[in-house]
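To keep things clear, I will list the structure first and then write my remarks on it.
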There are 2 protein chains.
Amino acid sequence: MDQSGRPSERESEAALPNKSAVPVSLVTIKAACSQCSLHELCISEGLGKEELAKLDSLVGARRKLKRQQNLYRAGDPFEALYAVRTGFFKTDVLLEDGRDQVTGFQMAGEILGMDGIGTEAHSCNAVALEDSEVCVIPFAQLEQLSREIQALQRNFHKVMSRELVRDQSLMMLLGTMRAEERLAAFLLNMSQRFTARGYSPAEFHLRMTREEIGSYLGLKLETVSRAFSRFQEEGLIAVQQKHIRLLDGEGLKRLLNARPR
Amino acid sequence: MDQSGRPSERESEAALPNKSAVPVSLVTIKAACSQCSLHELCISEGLGKEELAKLDSLVGARRKLKRQQNLYRAGDPFEALYAVRTGFFKTDVLLEDGRDQVTGFQMAGEILGMDGIGTEAHSCNAVALEDSEVCVIPFAQLEQLSREIQALQRNFHKVMSRELVRDQSLMMLLGTMRAEERLAAFLLNMSQRFTARGYSPAEFHLRMTREEIGSYLGLKLETVSRAFSRFQEEGLIAVQQKHIRLLDGEGLKRLLNARPR
DNA sequence: CTGCCGCTTTGATCCATGTCAATACGATAA
DNA sequence: TTATCGTATTGACATGGATCAAAGCGGCAG
């Protein structure tokens with residue numbers, strides 16, 4: 001279904017009316033960090049009451065996106081960061097020759113758009129994998145405010161740094177792990193992130209296709225599918241399409257630490 | 001020579017006297033951004049005279065490292081960033097099971113240590129690949145000063161963001177490219193970075209071994225060596241050990257853009 | 001100069017994953 | 001209900017890179 005540059009994605013994109021700079025889905029409901037349940041995951045973490053009020057005034061609007069809609073595209077001018085409120089995103093990079101790769105999946109409380117700061121333009125595409133909502137954080141104002149609020153400055157730096165560390169792990173995965181290790185690492189990571197958000201650690205719904213998982217893990221979709229089947233045979237997980245149950249998390253971890261060869 | 005966790009590296013490490021927290025090579029010569037020729041590559045880029053003076057007072061000391069010496073290790077408490085003044089570094093991550101991977105090579109003007117901000121501890125090792133010198137930038141003071149100097153804040157954010165984008169490219173490389181494409185990308189990247197520092201774009205000396213290149217590119221050293229040989233046969237480059245001459249940069253670029261299969 | 005050691009090159013073989021192809025499944029629309 | 005379309009599974013086969021092994025090379029210490 002892929003091969004020639006994701007025709008399906010392009011088509012579904014084209015089918016959506018939102019090609020203009022001002023998306024139809026930009027709603028004016030103000031975000032309110034002070035009210036937000038994602039506190040401890042977001043850049044608002046640990047701020048005092050007064051500081052939260054300031055942050056509220058900065059975080060502009062929320063923006064709603066439908067499944068398959070782009071939050072931004074590679075090349076778009078960079079203006080704001082986005083905090084995922086609800087839903088699920090992927091980021092991907094497209095090479096001139098048509099090859100692309102998913103570089104990350106983002107869920108509630110995670111920040112999107114930091115790739116754009118360095119060049120003032122986004123370097124990847126961000127796409128909603130289900131109907132989603134983000135808080136828009138105008139970057140100039142974030143910098144302004146983080147010059148005033150030390151804790152905010154620190155939070156922001158930490159978020160960026162953790163992203164660097166996350167990238168390191170992904171490099172490690174892509175550079176040294178075999179297919180089944182990669183998938184085990186992926187599942188454990190998903191589980192851990194769902195858990196941190198109060199969902200079941202052992203049962204979840206994947207929002208992405210096998211192809212997207214494969215792209216993220218540097219594998220072909222058939223390899224991902226086979227690894228899922230193998231895990232199921234071995235009683236490590238129960239798979240039913242996108243619904244996953246982890247039956248033996250320890251077993252998955254063991255798979256990771258087993259020296260290759 | 002690898003397989004069991006880089007014994008050679010460990011040995012050469014052990015041979016060095018510097019295992020203590022205070023390295024023998026910590027010299028007290030003050031760094032001076034205002035005098036530094038790496039301006040346009042470093043976080044001091046674009047600062048005014050007065051601002052540079054403030055930065056000078058912040059940038060603590062320089063620190064000299066001998067070949068194979070660690071600038072920091074995974075787990076070390078994070079206190080400062082380091083700007084490479086002279087020399088050449090690698091960063092690498094070590095998995096519990098002994099596998100490791102080089103996550104980057106750093107040269108003059110590039111910043112090391114940002115991985116530590118998020119957790120207050122470094123997440124990788126930084127090792128000098130030749131005798132080197134860094135400027136020590138105490139992080140708390142950098143944050144302090146970047147609350148005062150907008151341009152410094154902006155520079156720092158840009159440096160971090162560019163690191164994120166660099167990581168994206170590396171993921172792309174590790175996830176989608178074949179061996180020869182990876183090596184071509186690596187050589188072109190080296191050339192470009194040497195060029196930006198005023199060295200010859202077509203002729204340079206690699207400071208790292210084939211094994212380190214392979215680790216960085218997700219390949220085995222034999223594969224790297226074979227790719228070098230192939231490039232030489234095809235007249236793209238001239239290799240003599242670590243000395244590389246690019247004979248046909250365009251040819252290398254073509255290799256990159258050629259769709260695989 | 002000689003010998004050693006780390007690094008590199010090259011060859012032969014193996015295997016994990018990619019590729020190609022057929023089929024199955026599940027949701028949605030007609 | 002049936003047709004359709006995107007997605008997922010499974011099988012057969014091909015292949016790029018890993019692995020194992022053997023020289024070759026160059027620098028450094030004695």
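In what follows, every heavy atom counts, from backbone to side chain, and hydrogens, waters and symmetry copies are set aside. Sequence lines set the chain letters: A, B, ... in the order given, protein chains first and strands last, and positions in each chain run from 1.
The 5' end of DNA chain C is approached more closely, in terms of each residue's nearest nucleotide, by B:E233 than by the other of A:E180 and B:E233. Both A:L219 and A:Q240 lie close to DNA chain C; mapped to their nearest nucleotides by heavy-atom distance, the more 5′-ward contact belongs to A:L219.
Counting non-hydrogen atoms of other residues, nucleotides and ligands closer than 6.0 Å to CZ of A:R197 gives a total above 12.
As judged by a 4.0 angstrom heavy-atom cut-off over every strand, A:G214 is placed among residues making no nucleic acid contact. Within the nucleic acid shown, B:S225 comes within 4.0 Å of at least one base atom, counting heavy atoms only.
Between B:F194 and B:F88, the two ring planes are parallel [angle under 30°; tilted spans 30° to 60°].
For the pair B:M177 CE and D:dG17 P, the computed distance is 13 Å after rounding to whole Å. Between the NZ atom of B:K242 and the P atom of C:dG6 there is a distance of 13 Å, rounded to whole Å. Between A:L221 atom CG and C:dC20 atom C1' the separation is 12 Å, expressed in whole Å. Rounded to an integer number of Å, the gap from A:K220 NZ to D:dG17 C1' is 16 Å. In this structure, CZ of A:F231 is placed 14 Å from P of D:dT10, rounded to the nearest angstrom. Put simply, CD on B:E222 is 17 Å from P on D:dG24, counting in whole angstrom units. Going from atom NE2 of A:H205 over to atom C1' of D:dT7 covers 12 Å, rounded to whole Å. If you take CZ of A:F228 and C1' of C:dC25, they are 16 Å apart, rounded to a whole angstrom.
For A:R226 against C:dT19, a side-chain-to-base donor-acceptor contact under 3.5 Å is present.
The side chain of A:R178 lies closest to C:dT17, out of D:dT10, D:dA8, C:dT17.
Within the 6.0 Å centre-distance limit, the rings of A:Y216 and A:F105 are counted as a close aromatic pair.
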| Do A:E130 and A:K66 pass the salt bridge (Lys or Arg N to Asp or Glu O under 4.0 Å) test, and can you show the C-alpha distance, the side-chain angles, and the key distance before you say yes or no? | CA-CA 6 Å; A:E130 61 181 17; A:K66 293 230 167 287; over 6 Å; no
| request: Start with the C-alpha gap between B:T91 and B:T103, add the side-chain angles, then the distance that decides, and say whether side-chain hydrogen bond (donor to acceptor under 3.5 Å, both in side chains) holds. | output: CA-CA 6 Å; B:T91 47; B:T103 54; 2.9 Å; yes
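For the pair A:T223 and C:dG18, the criterion of a side-chain N or O lying under 4.0 Å from OP1 or OP2 is met. Taking side-chain N and O atoms only, B:T209 has no distance below 4.0 Å to OP1 or OP2 of C:dG6.
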